[in-house]
Amino acid sequence: MNPSSFVKSEPIDLKNSSEFSEKWLQEKIAEDPSILGLGDLILKDKERIQPGAGRLDLLLQDPEDDRRYEVEIQLGKTDETHIIRTIEYWDIERKRYPQYDHCAVIIAEDITSRFLNVINLFNSHIPLIAIQMNAWKVGNQTTITFTTVMDLQELGLEEEDQPSEATDRAYWEKRGSKITLEQVDEIERLIQGFASGYKLKYNKFYIGLAKDGQPLNFTVIRPRKTTMNIDIKLPQSKEIDEKIESLGLDMLAYEKRYGNYRLRLTKEDLEKNKDALVQLIRSAWEKMS
C-alpha cells in the first residue's frame, strides 16, 4: 500500500442529504446484513407489515441459533417515537413467532446520551441493541460505519438464576464420581498456575470458581460419572473453533446466549491437551478479570 494514496474522509449528514435516503440505507443493509457487525445474518423480510402498527424496516435472522433481529432505522437523532416503535415491532414479532429468540435493534445517526440512558433502562428487561451509523465520503466513494453503542445485557447462566445454594465435594462425588472430581482438582491446580487464589466453589448446579469468597465464573464445570462438561467463557471465533477441532475435543455447543464454549472432556482429553486447555481458560480469565 502506498502511503501517498491517503484520502481524507468527509462526514455525510444523511438526514439532510438530497442524495441519500433511509430507503437507500435500508437496501444497503438488506444486501449485506453483516455490515451491522452482528454476525453472519440473513435477510428474512423488509418493510414487514405489522398489524395495526405500520411496517418493520428489516427482519434479520441468525441461521445458526434461530435468533431474529427486529431492526428499525432512523436518519438523524433517535427520539421517543423511534424507541417506542422499535419495541412495539419487537413485541409483535415475538408474540407471533415465539419459537425464536427475538432482539430489537435501533439504528440512528445520532444516539444521544439522554436516549441511551432511556434505552439502557429497557435493556435489563428487553433484549435491545443500539447502533450508531456514520456515513463518509472517501474520494469518489461512499461508505458507512456501524458502531454498537449498547449491546445486549449479558445474561447469567440459567443455574445462576436459581437461589444460591452451596453444596460440598461429597454432593458432587455422588452426581459425578471420585475419578471425575480428581480431574476437577487438576483443573483447579492448572488455574492457580496463572490466577493464584482461585478455588473451587461447589454449587448445586455447577462447580464454579471464587477468590476470597467472590465468585468469578470464567469457567464452570459439571462432573459426570466418567466425563465432565466444562464451560469456557469466550467470544466465539473461527480461530478458537478450529483450535478445538484440531485438538479433537468434543464441543457440545457454543452457547451464544451466555457466551460459552461447552466442551465434554474425558480423562484422556485433559491429559493430552492440558496446555491448550490452560490457554483457553486463561484467555477467559483475562477477559473477565
Side-chain angles (χ1 to χ4, degrees), residues 64-65 101 152-237 239-289:
E64 293 186 3
D65 65 1
D101 286 333
L152 290 174
Q153 179 166 311
E154 189 170 322
L155 300 175
L157 293 170
E158 180 181 352
E159 292 87 347
E160 292 172 345
D161 192 38
Q162 306 292 335
S164 179
E165 186 175 343
T167 57
D168 56 19
R169 187 180 184 88
Y171 169 85
W172 277 100
E173 284 185 352
K174 290 179 181 178
R175 290 196 63 178
S177 68
K178 289 186 177 182
I179 293 175
T180 53
L181 262 291
E182 288 174 2
Q183 295 168 43
V184 176
D185 291 339
E186 176 65 7
I187 290 177
E188 179 190 40
R189 187 187 67 77
L190 294 172
I191 289 171
Q192 289 177 348
F194 60 81
S196 62
Y198 280 95
K199 297 182 179 180
L200 299 176
K201 187 174 187 298
Y202 299 99
N203 298 291
K204 184 175 181 180
F205 296 99
Y206 59 92
I207 300 175
L209 292 161
K211 181 178 181 180
D212 299 327
Q214 297 300 313
L216 186 66
N217 292 324
F218 51 92
T219 246
V220 164
I221 310 167
R222 299 176 184 83
R224 306 303 189 210
K225 295 299 182 183
T226 59
T227 62
M228 62 179 170
N229 293 346
I230 180 169
D231 293 357
I232 303 175
K233 200 170 191 63
L234 283 170
Q236 187 174 25
S237 70
E239 180 183 358
I240 295 176
D241 290 347
E242 290 177 348
K243 182 172 185 176
I244 291 172
E245 184 178 357
S246 69
L247 295 171
L249 297 176
D250 185 4
M251 188 172 88
L252 298 177
Y254 183 80
E255 299 179 305
K256 289 192 175 183
R257 182 175 296 186
Y258 308 123
N260 293 330
Y261 279 92
R262 176 164 291 183
L263 308 178
R264 178 164 50 208
L265 300 180
T266 64
K267 181 180 179 181
E268 291 73 24
D269 289 330
L270 183 56
E271 292 173 350
K272 181 180 177 182
N273 301 293
K274 197 171 293 185
D275 292 342
L277 288 167
V278 166
Q279 187 178 359
L280 290 172
I281 296 170
R282 180 168 187 161
S283 297
W285 169 69
E286 288 173 344
K287 287 184 179 297
M288 291 188 65
S289 59

Is the side chain of [X] donor-acceptor paired with the backbone N or O of [Y] at a distance under 3.5 Å, no angle test?
| X | Y | answer |
| --- | --- | --- |
| Y254 | Q236 | yes |
| Q192 | Y198 | yes |
| Y171 | K204 | yes |

Enter the distance from [X]:[atom1] to [Y]:[atom2] here, rounded to the nearest 0.5 Å.
| X | Y | atom1 | atom2 | result |
| --- | --- | --- | --- | --- |
| N217 | I207 | CG | CD1 | 11.5 Å |
| L209 | K201 | CG | NZ | 10.5 Å |
| L181 | R169 | CG | CZ | 4.5 Å |
| S246 | D241 | OG | CG | 11.0 Å |
| I221 | L200 | CD1 | CG | 6.0 Å |
| N273 | L265 | CG | CG | 8.5 Å |

Residue pair T226, I179: steps toward the side chain to side chain contact (heavy atoms under 4.5 Å, CB included) verdict: CA-CA 7 Å; T226 59; I179 293 175; over 6 Å; no
Using every non-hydrogen atom in the two residues, find where [X] and [Y] come nearest and quote the distance to one decimal.
| X | Y | result |
| --- | --- | --- |
| K274 | L190 | CG-CD1, 3.5 Å |
| G208 | N203 | N-ND2, 4.1 Å |
| K225 | S177 | O-OG, 2.9 Å |
| I187 | I281 | CG2-CD1, 4.3 Å |
| P215 | G213 | CD-O, 3.6 Å |

Aromatic ring pairing F218/F194, orientation class (parallel under 30°, perpendicular over 60°, tilted between):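 The rings of F218 and F194 sit tilted, inter-plane angle from 30° to 60°.
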Neighbour count above 12 (heavy atom, 6.0 Å) for D168 CG: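 Buried by this count: over 12 neighbours within 6.0 Å.
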Chi angles and distances behind the side chain to side chain contact (heavy atoms under 4.5 Å, CB included) call for R189, E186: CA-CA 5 Å; R189 187 187 67 77; E186 176 65 7; 2.7 Å; yes
Reference residue I232; test side-chain contact (heavy atoms from CB on, under 4.5 Å); the match among N260, I240, L263: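 Among the candidates, only L263 passes.
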SB check K267 E182 (cutoff 4.0 Å):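 Salt bridge absent between K267 and E182.
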K233/K287 under side chain to side chain contact (heavy atoms under 4.5 Å, CB included): CA gap, chis, key distance, verdict: CA-CA 9 Å; K233 200 170 191 63; K287 287 184 179 297; over 6 Å; no
Check: L216 and M288 side chains under 4.5 Å, non-hydrogen atoms: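 In contact.
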Min side-chain heavy-atom separation L280-Y261 under 4.5 Å: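 No, too far: nothing below the 4.5 Å cut-off.
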Geometric cation-pi criterion, R282 with W285: 6.0 Å, 45°: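 Relative to the ring axis of W285, which defines the angle, R282 lies outside at least one limit.
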Residue pair R264, R224: steps toward the side chain to side chain contact (heavy atoms under 4.5 Å, CB included) verdict: CA-CA 10 Å; R264 178 164 50 208; R224 306 303 189 210; over 6 Å; no
Side chain to side chain donor-acceptor pair (under 3.5 Å), paired with R222, selected from T227, T180, D231: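 That would be D231.
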